[in-house]
Amino acid sequence: MPEGPSIVILRELTEQFEGKKVLNALGNAKIDINRMQGLKLISCRSWGKHFLLVFNGFFVRVHFLMFGTYRINERKDAPPRLALEFSNGELNFYTCSVKLIDGNVNDVYDWEKDVMADEWNPKKAETELMKTKTTKVCDALLNQEIFAGVGNIIKNEVLWRICVHPESHVTALPAKKLKEMIRDARDYSFLFYAWKKEYVLKKNWKIYKKGECPRCEIKTIRTWLGINERLTCYCPNCQLLYLNPESKVKSAVKKKAKAVKKVKRTTKTASL
DNA sequence: ATTCATGTTGTGAT
DNA sequence: TATCACAACATGAA
């Protein structure tokens with residue numbers, strides 16, 4: 001459920017309730033659920049992985065974390081965290097994080113940071129990325145303050161698509177490659193979105209949880225990298241490691257270890 | 001049956 | 001004060 005594109009799909013599915021009055025609101029969320037009772041739902045929006053129910057003067061933020069789910073016009077056999085009834089149907093959320101936030105969504109969210117938004121601003125992302133020092137690309141892509149909506153699958157797929165090793169330093173990437181990463185974070189998110197809607201997302205994974213690199217036809221690396229040690233899958237052959245000068249010594253050591261393995265380098269074939 | 005993963009926040013230790 | 005590590009949340013696919 002959780003990555004940005006999935007939330008955009010949810011937003012589309014909830015358009016039917018925009019402008020409708022909340023006839024009943026219930027659930028085990030630790031917010032004042034009664035506040036929504038009888039109010040008109042102004043709009044349903046999304047920002048990154050956040051799903052937003054906008055009311056006059058406040059909004060409710062739903063975050064699905066790892067296991068959150070929803071049902072529209074049907075119910076699960078589990079207590080809803082939040083359930084909203086309208087004249088034309090109902091919206092049910094389960095095992096998610098729910099927050100009620102006073103104020104206007106536009107004062108809280110910077111739409112330019114949402115990779116799926118019309119307002120997405122790649123220049124802003126670039127500026128933020130340039131400010132980093134030793135940040136690895138695997139962490140940068142998951143940073144919601146820069147790439148709101150990008151999740152672990154998108155991270156892995158983007159890095160494979162642009163042939164960048166997940167432990168590369170952001171600031172060691174050639175300018176062109178950095179721009180490519182920023183562009184692909186958005187481009188791939190839209191592919192994810194389209195595939196998800198067609199129920200063919202998994203089928204289209206190229207590296208995430210794949211045993212072999214589709215380009216090099218060699219065994220992939222499956223490991224846990226980055227600040228939060230997230231599952232990271234990559235090809236040790238075609239995904240190049242870019243390191244900051246300070247780390248060049250380290251890099252040489254790694255290279256030597258790798259040379260022993262003597263991986264046959266093949267030419268790039270796929271052009272996605 | 002057991003393990004682990006599309007994620008983030010809060011808490012308490014350092 | 002800031003940073004860090006880890007617990008907590010809790011479902012369902014493999």
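Letters A, B, ... are given to chains in the order of the sequence lines, protein chains preceding strands, and every chain is numbered from 1.
Regarding K99(A), its NZ atom lies at a distance of 13 Å from the P atom of dT8(B), rounded to whole Å. The separation between F93(A) atom CZ and dT11(C) atom P is 17 Å, rounded to whole Å. Rounded to a whole Å, the CD1 atom of I31(A) is 17 Å from the C1' atom of dT9(B). Whole-Å rounding puts the D77(A) CG to dT11(C) P distance at 12 Å. Rounded to whole Å, atom C1' of dA14(C) lies 14 Å from atom CG of L231(A). For the pair M66(A) CE and dT9(B) C1', the computed distance is 14 Å after rounding to whole Å. Rounded to an integer number of Å, the gap from CZ of R71(A) to P of dG12(C) is 8 Å. Per the geometry, NE2 belonging to H50(A) stands 7 Å off P belonging to dT8(B), to the nearest Å.
Mapping K76(A) and N228(A) onto DNA chain C by nearest heavy atom places N228(A) closer to the 5' end of the strand. Mapping T95(A) and K202(A) onto DNA chain C via the closest heavy atom, the residue that lands nearer the 5' end is T95(A).
Side-chain nitrogen and oxygen atoms of R81(A) include none within less than 4.0 Å of the OP1 or OP2 phosphate oxygen of dT11(C). One finds a side-chain N or O of Q144(A) lying less than 4.0 angstrom from the OP1 or OP2 phosphate oxygen of dT8(B).
Stem regions annotated for DNA chain B: B:2-5 with C:11-14, B:7-14 with C:2-9, counting only runs of 3 or more consecutive pairs of Watson-Crick or G-U type with both contacts under 3.5 Å.
Checking dA13(C), dT8(B), dA5(B) against the side-chain heavy atoms of R222(A) singles out dA5(B) as nearest. Nearest to the side-chain atoms of W224(A) among the listed nucleotides dA5(B), dG10(B), dG7(B) stands dA5(B). Relative to the side chain of H63(A), the nucleotides dT8(B), dA5(B), dA14(C) differ in distance, and dT8(B) lies closest.
Counting non-hydrogen atoms under 4.0 angstrom, W205(A) reaches nothing in the nucleic acid. Counting any heavy atom pair closer than 4.0 Å across all strands shown, K155(A) reaches no nucleic acid atom.
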Evaluation steps, ring-ring contact (aromatic ring centres under 6.0 Å, His included), between F51(A) and H63(A): CA-CA 6 Å; F51(A) 175 67; H63(A) 198 300; over 10 Å; no
Residues Y242(A), H165(A); criterion ring-ring contact (aromatic ring centres under 6.0 Å, His included); working and verdict: CA-CA 7 Å; Y242(A) 300 88; H165(A) 188 291; 9.7 Å; no
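In this structure, D107(A) places its CG atom where more than 12 heavy-atom neighbours from other residues, nucleotides or ligands lie under 6.0 Å away. Atom CD of E198(A) is surrounded by 12 or fewer heavy atoms from other residues, nucleotides or ligands within 6.0 Å.
Minimum interatomic distance between K136(A) and P166(A) (heavy atoms only, all atoms of both residues): CB-O, 3.9 Å.
For the pair R161(A) and Y188(A), the cation-pi test (distance below 6.0 Å, angle within 45°) is failed. Taking the centre and axis of the six-membered ring of W160(A), the NZ or CZ atom of R215(A) falls inside the cone set by 45° and 6.0 Å.
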